[in-house]
Amino acid sequence: MPSRDPLVELSQRFTAAIRAAFPDAPDADPLIAPCKNPEHGDFQSNAAMGLAKRLGLKPRDAALALVARVDAGDLIEPLTAASIAGPGFINIRLRPQALASMLAALDSPSLGIEPAQPPTTIVVDLMGVNLAKQMHVGHLRSPIIGDAIARTFERLGHTVVRQNHVGDWGLNIAMVTGRLMREIAQGRTRLETLTLDELDRAYVAAQAECQRDLAGLEAVRRFGLGPKAEAELGEQVAGATEAFTLARQTLINLQKKDPATYAVWQRIYQVTMQTCVDVCKTLAVNVTDEHTAGESTYADELAPMVQDVLDRGIAVHDQGAVIIRVDEPPAGPDGQPLWKPIKEPCIIRKTDGGFLYATTDVCAIRRRVQKLGGARLIYVIDARQNLHLRQVFAASIRAGYSIRKETGTPAHMEHAAFGAVLGEDGRPFKTRSGDTVRLADLLAETFGRAEQALKAAATQRGETLEDAEAREIARAVGIAALKYGDLSTDRTKDYLFSFDRMLAFEGNTGPYLLYAYVRTRSILRKAAERGMGEAWKAAPFSATEPAEKQLALALLRYPGAVAGVAEALEPHRLCQYLYDLAGAFSVFFDRCPVLAAEPGARDSRLRACALTARVLADGLGVLGIPTIERM
RNA sequence: GCGGGCGUAGCUCAAUUGGAUAGAGCAUCUGACUACGGAUCAGAAGGUUAGGGGUUCGAGUCCCUUCGCCCGCGCCA
């Protein structure tokens with residue numbers, strides 16, 4: 001039985017040929033890849049050049065030796081000296097029969113993606129909202145990229161645990177909680193009707209009133225700006241100091257769960273998380289209450305954790321703080337250092353006895369490995385946090401918290417970093433007035449623009465779109481535009497945000513892919529309307545036209561494309577694949593009539609359309625982009 | 001100062017991790033149809049891959065160096 005994936009099948013045959021021809025290099029990679037240029041062939045092996053270098057042969061001789069030993073069977077056309085091109089590329093053509101049977105095999109419920117054996121547990125950190133703060137563009141990339149990565153592993157049959165590491169604890173939260181309690185006491189705010197907007201304002205106000213302008217006071221004194229200025233600033237500092245002291249008291253009350261204080265905090269939590277979960281739902285991001293693991297849930301673990309590492313001599317006192325040094329990594333099983341030396345130590349307790357986010361993050365690693373069973377931890381967090389994460393990873397390895405019981409080795413921890421969101425001027429994305437863009441506004445504008453564009457297109461076709469239907473389709477188009485726009489470029493680079501570009505119906509965009517999908521569905525719908533039955537669903541694939549063959553080859557690359565995303569944690573590979581597939585389908589659509597073809601070709605082409613539709617929908621699903629039937 | 005990242009067509013991005021003539025889309029120009037959804041397809045033009053040096057059959061990719069931009073750097077999260 002032929003494999004569904006020609007890459008796998010060809011790799012096996014070439015590996016066997018390498019072992020037979022070059023016993024001294026049995027482990028050499030066959031380096032099978034699809035040909036970029038269809039004129040060269042369907043696939044190519046680039047193994048000969050490497051082998052030649054390694055064994056001191058002429059590349060062409062190595063290629064000849066390989067060509068002579070590859071078992072072509074009924075899979076590929078026989079390889080000859082004429083198959084060798086350039087310095088030693090071996091060009092490969094599939095036999096039509098093999099192509100047809102592989103395609104038929106792909107046309108299964110799994111679409112050629114077999115569940116991982118054995119599945120592993122992967123924890124994905126994919127969001128970090130803060131209590132009492134309005135969500136803004138900065139919160140966009142993590143859930144979009146993180147959810148796509150999570151869905152990829154789920155699709156491959158792994159167990160995924162999503163974690164929303166909510167910033168819901170600490171002095172900043174205590175400040176706003178304290179402020180809110182006073183506002184309530186004064187009758188200026190009501191807990192029952194509290195909104196996130198009010199919370200956001202209270203947060204900013206609380207920050208401001210706790211901000212002691214000591215530097216300003218110093219300057220006033222130094223430059224002798226007069227007793228009045230000094231008195232004003234002195235008053236501010238005194239007020240801020242008082243507010244600060246109050247916030248500290250609130251934090252203490254929170255920590256011991258003083259009922260009045262805790263009730264206000266809970267309400268703040270509720271209002272913030274409701275908005276967060278709503279946004280995720282709107283965006284079709286799979287993050288719900290069950291995925292939230294706020295910093296508050298680690299509060300009781302911090303002090304004992306620090307004590308534990310102190311007791312074991314892993315952490316030390318330094319300049320009044322408690323730190324874990326990470327500049328001398330121990331060697332792992334392979335003799336290599338477990339991480340790259342980091343000069344800056346990981347601080348886990350401040351001089352004043354307070355804890356930091358590093359303290360929480362070390363506890364989070366412990367929970368994710370020891371309790372949640374994570375064999376692999378993926379942090380989808382912006383690139384600026386790289387040093388912090390490396391410190392925390394290293395510290396948790398030293399502390400033994402990330403050592404898996406099953407294997408005795410550290411869980412694999414990765415930072416899937418992403419760049420900043422920039423405006424079209426290349427500066428951080430802001431509103432015209434320079435404020436940060438609220439997520440709610442951004443979504444509204446996306447959906448609004450999508451709806452307008454859809455209506456305009458409908459008018460041009462001479463159709464009218466009902467408001468309700470337009471809105472519904474605009475939602476899907478907007479989500480596709482927003483998510484695909486973000487996912488389709490290398491996540492590590494900064495991302496230039498542009499409504500016009502992401503919402504364009506042409507080019508490598510979400511709407512274009514939805515359109516391609518809609519066209520596949522439209523043909524199938526028409527086939528049903530014209531009573532073409534269901535027999536075509538089992539029709540043999542025949543690829544007589546070049547466009548049919550290119551579509552078939554594109555379809556066969558699907559399992560590899562999904563696997564590639566998992567390997568590199570780079571969803572843009574799947575985007576590129578889907579765009580290629582949509583392009584191959586468009587050419588096919590242009591060249592090969594389906595419904596009007598004679599019955600044999602028609603059935604084969606109908607089946608190709610159906611398979612294309614399923615791969616497009618499945619692939620978009622892996623990216624977290626829902627499809628629609630019409631647009 | 002130290003550390004990390006980036007620099008590819010006018011613009012926005014790719015390049016299967018060292019492979020064939022560096023590919024797409026947008027914008028520009030030229031063709032194709034009274035259309036299975038033209039929101040399409042075919043073609044043209046556009047490049048010293050920031051500059052220089054090196055490694056080898058072969059470099060956008062690896063090493064060295066210069067320039068430019070972004071980010072981080074023990075008691076914020």
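Every heavy atom of this structure was used, including side-chain atoms; hydrogens, water molecules and symmetry mates were not. Letters A, B, ... are given to chains in the order of the sequence lines, protein chains preceding strands, and every chain is numbered from 1. Since the structure is predicted, the reported quantities are computational estimates derived from the model, not experimental observations.
- Taking atom P on both nucleotides, B:rU16 is separated from B:rG23 by 13 Å, rounded to a whole Å.
- For the residue pair A:D490 / A:T492, a side-chain donor-acceptor distance below 3.5 Å is found, with atom types taken as modelled.
- We find that CZ of A:F429 is positioned 20 Å from P of B:rC70, with the value rounded to whole Å.
- Taking atom P in both B:rC62 and B:rA45, the straight-line distance is 32 Å, to the nearest Å.
- Taking the side chain of A:R591 as heavy atoms from C-beta on, and the options B:rG7, B:rA39, B:rC41, the nearest nucleotide is B:rC41.
- For A:E534, the CD atom sits in a loose shell: 12 or fewer heavy atoms of surrounding residues, nucleotides or ligands are nearer than 6.0 Å.
- Looking at A:N508 and A:Y484, their side chains do bring a donor and an acceptor atom within 3.5 Å of each other.
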Just by protein heavy atoms under 4.0 Å, how would nucleotides 19-26 of chain B read 5' to 3' in B, S and -? BB---SSS
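- Separating the C1' atom of B:rU30 from that of B:rG47 is a span of 23 Å, rounded to the nearest Å.
- Comparing B:rU40 with B:rG4, their C1' atoms are spaced 45 Å from each other, to the whole Å.
- Here B:rG19 is in the anti range [glycosidic angle more than 90° from 0].
- When distances are taken from the side chain of A:K526 to each of B:rU40, B:rU16, B:rG37, the shortest belongs to B:rG37.
- If you check B:rG23 for Watson-Crick or wobble pairing at under 3.5 angstrom, you find it paired to B:rC13.
- Side-chain N/O atoms of A:R519 include one lying less than 4.0 angstrom from OP1 or OP2 on B:rG38.
- Note: A:Y357 and A:F355 fail the aromatic proximity criterion, with ring centroids not under 6.0 Å apart.
- Open room surrounds CZ on A:R325; 12 or fewer heavy atoms of other groups in view lie less than 6.0 Å from it.
- Spacing between B:rA15 and B:rU61 at atom P, rounded to whole Å, works out to 14 Å.
- Here the nucleotide nearest the side chain of A:F505, chosen from B:rG37, B:rU40, B:rA39, is B:rA39.
- Rounding to whole angstrom units, CG of residue A:L503 and C1' of B:rU12 are separated by 15 Å.
- Using a 4.5 Å cut-off on side-chain heavy atoms (C-beta onward), A:F588 and A:V594 make contact.
- One C1' atom belongs to B:rU66, the other to B:rC29, and the distance between them is 40 Å to the nearest Å.
- The A:P34 side chain lies nearest to B:rU16 when the options are B:rU40, B:rG18, B:rU16.
- Between A:W265 and A:W169, the ring planes lie perpendicular to each other; the angle is over 60°, past the 30° to 60° tilted range.
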Under 3.5 Å, which protein N or O atoms sit close to an N or O of nucleotides 43-47 of chain B? Give each pair with its distance.
none

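- The partner of B:rU8 cannot be assigned: no Watson-Crick or G-U wobble pair with both contacts below 3.5 Å exists in any strand.
- A:Q460 places its CD atom 17 Å from the P atom of B:rG37, with the value rounded to the nearest Å.
- Each of A:I523 and A:A458 has a nearest nucleotide on RNA chain B; the 5'-most of these lies closest to A:I523.
- Counting non-hydrogen atoms under 4.0 angstrom, A:F355 reaches the backbone sugars and phosphates but no base.
- The base-pairing partner of B:rA44, taking Watson-Crick or G-U wobble contacts with both distances under 3.5 Å, is B:rU28.
- Residue A:T489 is in sugar-phosphate contact alone, with no base atom involved, counting any heavy-atom pair closer than 4.0 Å across all strands shown.
- Using atom P as the reference point in both B:rA50 and B:rC11, the two lie 13 Å apart (nearest Å).
- Across B:rC41 and B:rC36, the matching P atoms stand 16 Å from one another, rounded to whole Å.
- Checking the phosphate oxygens (OP1, OP2) of B:rU40, no side-chain nitrogen or oxygen of A:S586 falls inside 4.0 Å.
- Residue contacts shown for A:V594 include a base, since a base heavy atom lies under 4.0 Å away.
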Quick test: give all pairs of protein nitrogen or oxygen and nucleotides 71-75 of chain B nitrogen or oxygen below 3.5 Å, distance rounded to 0.1 Å.
unit_1	atom_1	unit_2	atom_2	d
B:rC73	O2'	A:E344	OE2	3.0
B:rC75	O2	A:T351	N	2.5
B:rC75	O2	A:T351	OG1	2.9
B:rC75	N3	A:T351	OG1	2.5
B:rC75	N4	A:Q319	O	2.6

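- At a threshold of 4.0 angstrom between heavy atoms, the contacts of A:Q207 with the nucleic acid are absent.
- Between A:H415 and A:F393, the ring centre distance reaches or exceeds 6.0 Å.
- The base-pairing partner of B:rG74, taking Watson-Crick or G-U wobble contacts with both distances under 3.5 Å, does not exist among the strands shown.
- Atom P of nucleotide B:rG4 and atom CG of A:D382 are separated by 19 Å, given to the nearest angstrom.
- Contact annotation: the side chain of A:E451 never approaches that of A:L465 to less than 4.5 Å [non-hydrogen atoms, C-beta and beyond].
- Between A:D382 and A:R384 there is a salt bridge, since a side-chain N of the basic residue sits under 4.0 Å from a carboxylate O of the acidic one.
- Straight-line distance from the NZ atom of A:K343 to the P atom of B:rG4: 10 Å, rounded to whole Å.
- A:I628 has its CD1 atom 13 Å from the C1' atom of B:rG37, to the nearest Å.
- A distance below 6.0 Å separates the ring centres of A:Y512 and A:Y579.
- Closest to the A:K53 side chain, of the nucleotides B:rG58, B:rC36, B:rA39, is B:rG58.
- Looking at heavy-atom distances under 4.0 Å, A:D490 makes contact with sugar-phosphate atoms alone, never a base.
- Computed from coordinates, the A:Y577 OH to B:rA15 C1' distance equals 18 Å when rounded to whole Å.
- Residue-level contact check: A:V322 touches neither bases nor backbone, having no heavy atom under 4.0 Å from any strand.
- Between the side-chain ring of A:F589 and the base of B:rU40, no stacking contact exists by the 5.5 Å and 30° definition.
- With a 3.5 Å ceiling on both atom-pair distances, B:rA39 lacks any Watson-Crick or G-U wobble partner.
- Heavy-atom contacts from other residues, nucleotides or ligands closer than 6.0 Å to CZ of A:R54 number more than 12.
- Regarding A:K133, its NZ atom lies at a distance of 10 Å from the C1' atom of B:rC76, rounded to whole Å.
- Contact annotation for A:C575: no contact, since no heavy-atom pair falls under 4.0 Å across all strands.
- Taking 4.5 Å as the limit, every side-chain heavy atom of A:W339 sits out of range of all side-chain heavy atoms of A:M413.
- The existence of a salt bridge linking A:R591 and A:E545 is excluded, since no basic side-chain nitrogen approaches an acidic carboxylate oxygen closer than 4.0 Å.
- Between A:S83 and A:R93, the closest side-chain pair of non-hydrogen atoms is not below 4.5 Å.
- Residue A:Q460 places its CD atom among 12 or fewer non-hydrogen atoms of other residues, nucleotides or ligands, all under 6.0 Å distant.
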